[in-house]
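The block underneath contains the structure these notes are about, expressed in structure tokens.
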2 protein chains.
Amino acid sequence: MAREEKRDAILQATLELVAEHGFHDAPCSLIAERAGVAAGTIYRYFESKDELIVAVYRDLETKINTTLLRGYTLEAPFRERFVHLVSGLLQYFIDSPLEFKYIEQFHHSPYGVAFRRDKMLGQDDPEDCNIYCELFKQGVTQQVIKDLPLVLLFDLSFGPIISVARNHILGFIHLDAALVRQIAEACWDSLKR
Amino acid sequence: MAREEKRDAILQATLELVAEHGFHDAPCSLIAERAGVAAGTIYRYFESKDELIVAVYRDLETKINTTLLRGYTLEAPFRERFVHLVSGLLQYFIDSPLEFKYIEQFHHSPYGVAFRRDKMLGQDDPEDCNIYCELFKQGVTQQVIKDLPLVLLFDLSFGPIISVARNHILGFIHLDAALVRQIAEACWDSLKR
DNA sequence: CCTCAGTGAATGATCGTTCATTCCTGTTTA
DNA sequence: TAAACAGGAATGAACGATCATTCACTGAGG
């Protein structure tokens, strides 16, 4: 197994175990076993378990961003662009339940809070505040969507998506493509003027 | 200290420590210390740490329900009733950040998932599916709100609220009464026909 | 023969839980 | 009235389990 493969195997094993059992019941011993390496090997690739956990999250974030940008055109009207992004995200979660579970675990742990705080502080970076920011800011100045703080626009858009995705993945409801679109449109209704 | 007082002290200490540090960094030894009792005493009131954690959640749930029912009249129009409930919940979270943090931790842990699944299965109980259910069902049949599965209506209503509350409590935004109302109304917009 | 990635048993810390003991309070006995 | 007693509540040291992490060792490749 090549070096990069081994690293990926550890990342994947961490993703799976944390998603299935939570952070506390994903001991390094199990991660190593599932990755097909020895426990000590993890520490040749990552300084600590904490660093490993953050690395998994970073990977997921970039993976999602590139997925969402497929088929996204700046020329389309607001509503269409919004529905594209939001329903795209929901569909991604539906297709990748393990990744969704991991992200949720991460967000609601000390890791995630610290990570988020860091990101908020370094918010000058225009590369970071990406497509969503741009879309919302434009929408506000052009008076297409409600004049609310950016953070709240995010909450109104993605709060329901997260909640819906969780209920789908836990099996409390089954979402098809039509429902996904309906939900994205309902989110739009909460934003539009 | 009377018996009931001691039980309450343990519940309160658990609430605080879990909210501040998470489930894994709230060991029984610390809970006992903050409650002013010995570690072993916890097991005179609760069978296990798991049971203690669920007991705290149960308490919070009933406390919130009674709070929300204050000033709630079945005669008011749909939109008004909805805004009352939703903005009431958000205001409750703003006023009780520790309780909010605890509830979030609980929901995103194996405890919460199991708890929720149990509740879903025993859903015949009409007492359980309370004011919200009633409101949504009425709204759907009277064609005031969108014809979506009940679960999704919950997600659209409370998903943003949870998300907004978290950002307020983490200090990423400051909410005043006016904003709370605006948010509740935006949620209504996503539900209404 | 040298190098270094890989190994996994060992380590020390910490966890939830237990249980022999002590403490406290109300009742009985002298 | 005081002393002796009884029994449940409270205690906290101790236990076994489990965790993240380490490091002396191994062996394959150059």
Side-chain angles (χ1 to χ4, degrees), chain A residues 1-59 102 105-106 108-115, chain B residues 1-59 102 105-106 108-115:
Chain A
M1 186 152 39
R3 187 169 167 79
E4 201 57 33
E5 279 181 61
K6 201 161 281 190
R7 203 187 115 98
D8 285 349
I10 294 170
L11 287 169
Q12 182 64 25
T14 306
L15 169 66
E16 292 173 13
L17 279 170
V18 168
E20 286 164 11
H21 307 316
F23 284 117
H24 3 317
D25 295 312
C28 292
S29 55
L30 269 190
I31 290 175
E33 187 183 313
R34 183 173 296 210
V37 302
T41 306
I42 293 174
Y43 292 85
R44 297 202 59 79
Y45 293 87
F46 304 95
E47 263 202 0
S48 64
K49 195 188 180 187
D50 285 10
E51 205 206 78
L52 167 60
I53 282 170
V54 174
V56 172
Y57 182 77
R58 281 222 164 79
D59 270 22
Y102 187 92
Q105 299 260 0
F106 186 83
H108 298 283
S109 71
Y111 304 115
V113 173
F115 189 85
Chain B
M1 188 153 36
R3 185 169 169 82
E4 202 56 31
E5 279 180 61
K6 201 162 281 188
R7 203 186 116 98
D8 286 349
I10 294 171
L11 287 169
Q12 181 65 25
T14 305
L15 169 66
E16 292 173 14
L17 279 171
V18 168
E20 285 163 12
H21 307 316
F23 284 118
H24 335 313
D25 295 312
C28 292
S29 54
L30 268 191
I31 291 175
E33 188 182 313
R34 184 172 296 209
V37 301
T41 307
I42 292 174
Y43 293 85
R44 297 201 55 78
Y45 294 87
F46 305 95
E47 263 201 0
S48 65
K49 194 188 180 188
D50 285 10
E51 206 205 78
L52 166 60
I53 282 169
V54 174
V56 172
Y57 182 77
R58 281 221 164 80
D59 269 22
Y102 187 93
Q105 298 260 3
F106 186 83
H108 299 283
S109 71
Y111 304 115
V113 174
F115 189 84

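Quick note on labels: first sequence line is chain A, next is B, and so on, each numbered from 1.
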Specify whether B/His108 and A/His108 have parallel, tilted or perpendicular ring planes, treating 30° as the upper limit for parallel and 60° as the lower limit for perpendicular. parallel
Taking [atom1] from [X] and [atom2] from [N], how many angstroms apart are they, rounded to a whole number?
{"X": "A/Tyr43", "N": "D/dT21", "atom1": "OH", "atom2": "P", "answer": "3 Å"}
{"X": "B/Leu30", "N": "C/dT14", "atom1": "CG", "atom2": "P", "answer": "11 Å"}
{"X": "A/His24", "N": "C/dT14", "atom1": "NE2", "atom2": "P", "answer": "19 Å"}
{"X": "A/Ile10", "N": "C/dA5", "atom1": "CD1", "atom2": "C1'", "answer": "12 Å"}
{"X": "A/Phe23", "N": "D/dA20", "atom1": "CZ", "atom2": "P", "answer": "12 Å"}
{"X": "A/Lys49", "N": "D/dA20", "atom1": "NZ", "atom2": "P", "answer": "4 Å"}
{"X": "A/Ile31", "N": "D/dC19", "atom1": "CD1", "atom2": "C1'", "answer": "12 Å"}
{"X": "B/Leu52", "N": "C/dG16", "atom1": "CG", "atom2": "C1'", "answer": "12 Å"}

Residue mapping more 5' on DNA chain D - nearest nucleotide basis, B/Ile42 or A/Ser29: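 In this pair, the answer is B/Ile42.
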Out of [options], which nucleotide sits closest to the side chain of [X]?
{"X": "A/Ser48", "options": "C/dG6, D/dT21, C/dT17", "value": "D/dT21"}
{"X": "B/Cys28", "options": "D/dT21, C/dT17, D/dT11", "value": "C/dT17"}
{"X": "B/Thr41", "options": "D/dT11, C/dG8, D/dT22", "value": "D/dT11"}
{"X": "A/Pro27", "options": "D/dT11, D/dA20, C/dG16", "value": "D/dA20"}
{"X": "A/Arg44", "options": "D/dA9, C/dC4, C/dG16", "value": "C/dC4"}

Nearest non-hydrogen partners of [X] and [Y], listed with the distance:
{"X": "B/Gln105", "Y": "B/Val18", "answer": "NE2-O, 3.7 Å"}
{"X": "A/Ile31", "Y": "A/Ala13", "answer": "O-CB, 3.6 Å"}
{"X": "A/Phe106", "Y": "A/Ser109", "answer": "O-OG, 2.8 Å"}

Is there a side-chain polar atom (N or O) of A/Lys6 under 4.0 Å from OP1 or OP2 of C/dG6?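 For C/dG6, OP1/OP2 do have a side-chain N/O of A/Lys6 under 4.0 Å.
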OP1 or OP2 of D/dA9 under 4.0 Å from side-chain N/O of B/Tyr45: no
Can you list the steps and then say if B/Ile10 with B/Thr14 is a side-chain contact (heavy atoms from CB on, under 4.5 Å)? CA-CA 6 Å; B/Ile10 294 171; B/Thr14 305; 4.2 Å; yes
